[in-house]
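Taking it in order: structure first as structure tokens, then the write-up.
Keep in mind it's a predicted model, so treat the numbers as computed, not measured.
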2 protein chains.
Amino acid sequence: MTNTELLKGTLSTIILRMLSEHPRLYGYELTQLVKERSGDKILIKEGSLYPALHKLEADGLVTSEEVYIGKRVRRYYKLTEPGKKATLLSIEELRGFLKTIEDLILPFPGNYVPAK
Amino acid sequence: MTNTELLKGTLSTIILRMLSEHPRLYGYELTQLVKERSGDKILIKEGSLYPALHKLEADGLVTSEEVYIGKRVRRYYKLTEPGKKATLLSIEELRGFLKTIEDLILPFPGNYVPAK
DNA sequence: TTTCTATGCATCACAAATCTATGTATTAAA
DNA sequence: TTTAATACATAGATTTGTGATGCATAGAAA
């Protein structure tokens, strides 16, 4: 990805989020979707994507299905029922985190004055 | 910290941010400040903090000074001039990242409809 | 007086997540 | 025919933070 370190921990949530909008997606499609939706800012690497997808599947949050397009294989992923619940929780958690960090690095008017 | 994975890459920016509000801080003080300012959500561990501070110093973004309080040692850190510049950049970058992720996991009205 | 808690620094072994690099293969365009 | 895009996958290296541990001072509680 572009920012490397900062993305840690957000990838699976992003994947789940994308799958919650689309009935099914395959890996490459997912990277393109995220790339497009982020204005080319988040470029998911294959070396990150596939392990992440495999882990989500191993955890029972998604299922996959191979589809042949001519001779080329595609592996479509979709959310399971537990996966849908996990998605909501995961997004909630990420959002809370973002809020926390934002508040922390907020620009203060002048200098910060700690509470007495 | 509380969320472990999500914090990756944000720690040094948080430290720099705190130092930009206070002329100088020592390690323990910093953890308490962040704990307080985050509503007990971000608890910086010693195993994260001190290596991070040492790295910032090695990179020339902060300088430190030992101060004895009775027999007890404190090591105060403050921003260098390059550190001040780096702080601005670092915060800018983090903020951009937060915005990008937020937009990506935004709750859509109904289902997302990709642009044609 | 002893013991617990807080203060205060530090380092090491480990785990988790992602990246880089690499590999294989199909397909379409130049 | 060569390049770029599509499409999957894995191995090894790197980064970052955590947990555990160690050492020591200081104040409060018991």
Would you please test A:M18 and B:L104 for side-chain contact (heavy atoms from CB on, under 4.5 Å) and show each step? CA-CA 9 Å; A:M18 295 302 120; B:L104 204 58; 3.8 Å; yes
Within this structure, what is the [atom1]-to-[atom2] distance between [X] and [N], rounded to whole angstrom?
| X | N | atom1 | atom2 | answer |
| --- | --- | --- | --- | --- |
| B:I44 | D:dT16 | CD1 | P | 15 Å |
| B:R24 | C:dG8 | CZ | C1' | 15 Å |
| B:K45 | C:dC9 | NZ | P | 17 Å |
| B:L56 | D:dT16 | CG | P | 11 Å |
| B:D59 | D:dT16 | CG | P | 10 Å |
| B:K35 | C:dG8 | NZ | C1' | 17 Å |
| A:Q32 | D:dA4 | CD | C1' | 13 Å |
| B:I69 | D:dA24 | CD1 | C1' | 15 Å |

On DNA chain C, more 5' by nearest nucleotide between A:K71 and A:K55 is A:K55
Run the side chain to side chain donor-acceptor pair (under 3.5 Å) test against B:K84 and tell me which residues pass, sequence neighbours left out. B:E81
Share the residues that join A:L89 in a hydrophobic cluster, the rule being Ile, Leu, Val, Met, Phe, Trp or Tyr side chains under 4.5 Å apart at the heavy-atom level. none
Are any protein N/O atoms closer than 3.5 Å to N/O atoms in nucleotides 8-12 of chain D? If there are, list each pair with its distance.
residue : atom : partner : partner atom : Å
D:dC8   : OP1  : A:R75   : N            : 3.0
D:dC8   : OP2  : A:G27   : N            : 3.4
D:dC8   : OP2  : A:Y28   : N            : 2.6
D:dC8   : OP2  : A:Y50   : OH           : 2.9
D:dC8   : O5'  : A:Y50   : OH           : 3.3
D:dC8   : N4   : A:E46   : OE2          : 2.6
D:dT10  : OP2  : A:H54   : NE2          : 3.4

Please check if the side chain of B:S64 supplies one atom and the backbone of B:Y76 the other of a donor-acceptor pair under 3.5 Å. no
Answer with yes or no whether the side chains of A:T13 and A:S90 bring together a donor and an acceptor at under 3.5 Å. yes
Pair A:I105-B:L98, side-chain contact (heavy atoms from CB on, under 4.5 Å): steps then yes or no: CA-CA 11 Å; A:I105 65 168; B:L98 295 176; 4.3 Å; yes
